[in-house]
Amino acid sequence: MSDYPGRVETGLNTRENWWADMPPRTGRGPRPRRWVIFGLAFVLPSFVPAAIDLGTDGPNGKELVIAALLLFYGACYVLFPLSLRPSRRRLTYVFSVLMLLVGLTLVFLHDNNPYILIYATAVLAFTLPPAWAVILDGGALLLVVAVHLALGKDDFGDIVAVASITAAMFFMANLVRAVRKLEAANREIATLAVAGERERLARDLHDILGHSLTTITVKAGLARRILESGKDDPRALQEISDVENLTRSALADIRATVSEYREVSLSAEVAGARAALRAAEIDADLPHAVDNVDPALQRTFGYVLREAVTNVLRHSGAKKVKVRLGKTWLEVEDDGEGGEAMEGNGLRGLTERLEAVGGTLTATTPPGGGWLVRADVPESALRSDAPAPLAEPAGGCA
């Protein structure tokens, strides 16, 4: 297994890879049926001269056996990709071993000429796990060497050449394995990237629409109550005008979010929270400046403040909200109903945002009741070389 999460091991540095089958093809290289053409191009130049030699002066029984074995051997080489099916693993092993045995038989029938064995050793390199390929190919070559010595021959040049070609085929097969694994990993990365982008859009749209629609609902309700009372018509018109502006702003935010151009400003969120809470007739104790917050955290804390205030407006029934800021922390406390923390899309999205900057989010009920949301980022998690997100000037929310 890899020491690093998410790392794809493609080489022969793990035991699993030594005993793993060839990964499925990913569209590269010749298809099994097309391989027939390529296989014939490799087989015919060697097998046709051998067949001609066997047919000279009339073939005898031995030569007919050799011819039949050559025909079967060549057919195995041409058709071996057809045996590479995940559901036919046993067939692949039987096919490979049978082809190797036929190759060895032809070697011994051809006066221990090892070159004919190349076709079988190459097939084994591509069809079997690397460990089995080494065991069977190596064992076959050692057997040829043993027979070579038993016959009293001292010329090992041909065997060395066959061993070198076999080794080259072995490493080429493992290169194919690595390429297929990397292509599969790339497809998985692309799938995860799409899923991540969907989560980003869902989270951002939730943050934008949740806050904006809640504020619009509160302001529209306030305007309705004013109109029903028949008093302070100018304020009702102002609230309706605010609803119109919020609707336009929300639409612009959605477009900007989809285009990845939207930035959240902590000071702007403080100002927006002030207006939303005032419209809901909730007493707001908010800071008048945000310059004490680390610039690298102002965008993240802006999202936290937006979601926390949205939850106050929706669920808490609070009469007072207090917001406090520090260099690396933010607290939003209300005197509402409180209760058990239920992690919905909002809190889950904020948790993900804080985890991205090395921070944590806690949502608890204080001893005096109500609800307390705290975002905290250790100073050790801040990167001094990270570009600061967009932030409004200090005091811009006053």
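Bear in mind the structure is a predicted one, so any value in this text is a computation, not a measurement.
Put simply, Val97 and Leu124 are part of the same group of oily side chains (I, L, V, M, F, W, Y) that touch within less than 4.5 Å, one to the next. Tracing side-chain contacts under 4.5 Å through hydrophobic residues (I, L, V, M, F, W, Y), one never reaches Tyr73 starting from Leu71; they form parts of separate clusters. Cluster membership check: Met22 shares its hydrophobic cluster with Tyr93, using side-chain heavy-atom separations under 4.5 Å among Ile, Leu, Val, Met, Phe, Trp and Tyr. No path of Ile, Leu, Val, Met, Phe, Trp and Tyr side chains, each step under 4.5 Å between heavy atoms, connects Trp132 with Leu142, placing them in separate hydrophobic clusters. Both Tyr115 and Leu100 belong to a common hydrophobic cluster when Ile, Leu, Val, Met, Phe, Trp and Tyr are linked at side-chain heavy-atom distances under 4.5 angstrom.
When every heavy atom of Ala20 is checked against every heavy atom of Pro130, the shortest pair comes out as O-CD, 3.6 Å. Here the closest heavy-atom approach between residue Leu372 and residue Pro366 is recorded as CB-CG, 3.7 Å. Taking all atoms of both residues into account, the shortest heavy-atom contact from Ala220 to Val243 is N-CG2, 3.8 Å. Taking every heavy atom of both residues into account, Pro378 and Gly359 meet most closely at CD-CA, 4.3 Å. Leu227 approaches Ala236 most closely through the heavy-atom pair CD2-CB, 3.8 Å. What you find for Lys219 and Ala279 is that their closest heavy atoms are CG-CB, 3.6 Å.
Relative orientation of the Phe80 and Phe126 rings is tilted, given thresholds of 30° and 60° on the angle between their planes. Ring orientation note: the planes of His148 and Phe156 are tilted relative to one another, at an angle of 30° to 60°.
Counting heavy atoms from C-beta on, the side chains of Val323 and Pro287 come closer than 4.5 Å. For the pair Tyr119 and Met99, the minimum side-chain heavy-atom distance is below 4.5 Å. Residues Leu98 and Phe72 have side chains in contact (heavy-atom distance under 4.5 Å, counting atoms from C-beta outward). No side-chain heavy atom of Asp137 sits under 4.5 Å from any side-chain heavy atom of Phe170. Residues Asn292 and Leu325 form a side-chain contact, since some pair of their non-hydrogen atoms from C-beta on lies under 4.5 Å apart. A heavy-atom distance below 4.5 Å is found between the side chains of Leu313 and Ile282. You'll find the side chain of Cys76 reaches within 4.5 Å of the side chain of Phe95, heavy atoms only.
In this structure, Asp283 contributes its side chain and Val321 its backbone to no donor-acceptor pair below 3.5 Å. Of the possible polar contacts, one joining the Arg180 side chain to the Pro23 backbone as a donor-acceptor pair under 3.5 Å is found. Checking side-chain atoms of Thr300 against main-chain N and O of Leu297 turns up no donor-acceptor pair under 3.5 Å. Remark: the backbone N or O of Arg187 is paired with a side-chain donor or acceptor of Thr191 at under 3.5 angstrom. Without hydrogens or angle criteria, Gln298 side chain to Val290 main chain gives a donor-acceptor distance under 3.5 Å.
We find that Arg324 and Glu331 are not joined by a salt bridge, their nearest charged nitrogen and carboxylate oxygen being 4.0 Å or further apart. At a threshold of 4.0 Å, the pair Arg348-Glu352 does not count as salt-bridged, since none of the basic side-chain nitrogens sits closer than that to a carboxylate oxygen. Ion pairing of Asp335 with Lys319 is absent here, as no side-chain N (NZ or NE/NH1/NH2) approaches a carboxylate O to less than 4.0 Å. Taking the charged nitrogens against the carboxylate oxygens, Asp334 and Lys322 have no contact shorter than 4.0 Å, which rules out a salt bridge. Taking 4.0 Å as the cut-off between side-chain N and carboxylate O, Asp155 and Lys153 do not count as a salt-bridged pair.
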Working for side chain to side chain contact (heavy atoms under 4.5 Å, CB included), residues Leu117 and Leu141
CA-CA 9 Å; Leu117 194 61; Leu141 290 173; 4.1 Å; yes

Full working for side chain to side chain contact (heavy atoms under 4.5 Å, CB included) between Val147 and Phe108
CA-CA 8 Å; Val147 173; Phe108 300 142; 3.6 Å; yes

Stepwise, does the side chain to side chain contact (heavy atoms under 4.5 Å, CB included) test hold for His288 with Arg274?
CA-CA 10 Å; His288 292 276; Arg274 188 184 305 278; 4.2 Å; yes

List the steps and the verdict of side chain to side chain contact (heavy atoms under 4.5 Å, CB included) for Arg374 and Leu361.
CA-CA 6 Å; Arg374 178 181 174 89; Leu361 180 79; over 6 Å; no

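Distance check, rounded to the nearest 0.5 Å: OH of Tyr303 to CZ of Arg299 gives 4.5 Å. Here the straight-line distance linking atom CD1 of Ile159 with atom CG of Asn113 works out to 10.0 Å at 0.5 Å rounding. From Ile240, atom CD1 reaches atom CD of Glu244 across 10.0 Å, with rounding to the nearest 0.5 Å. Distance check, rounded to the nearest 0.5 Å: CG of Asp376 to CG of Leu354 gives 9.0 Å. To the nearest 0.5 Å, atom CZ of residue Arg278 and atom CG of residue Leu222 are 10.5 Å apart. Note that CG of Asn17 is 8.5 Å distant from CG of Asn174, once rounded to the nearest 0.5 Å.
In this structure, a donor-acceptor pair under 3.5 Å is present between the side chains of Gln238 and Asp242. Side-chain N/O atoms of Thr92 and Thr127 include no donor and acceptor closer than 3.5 Å.
Paired with Ile116 under the rule side-chain contact (heavy atoms from CB on, under 4.5 Å), one option of Val162, Val102, Val107, Leu109 passes, and it is Val107.
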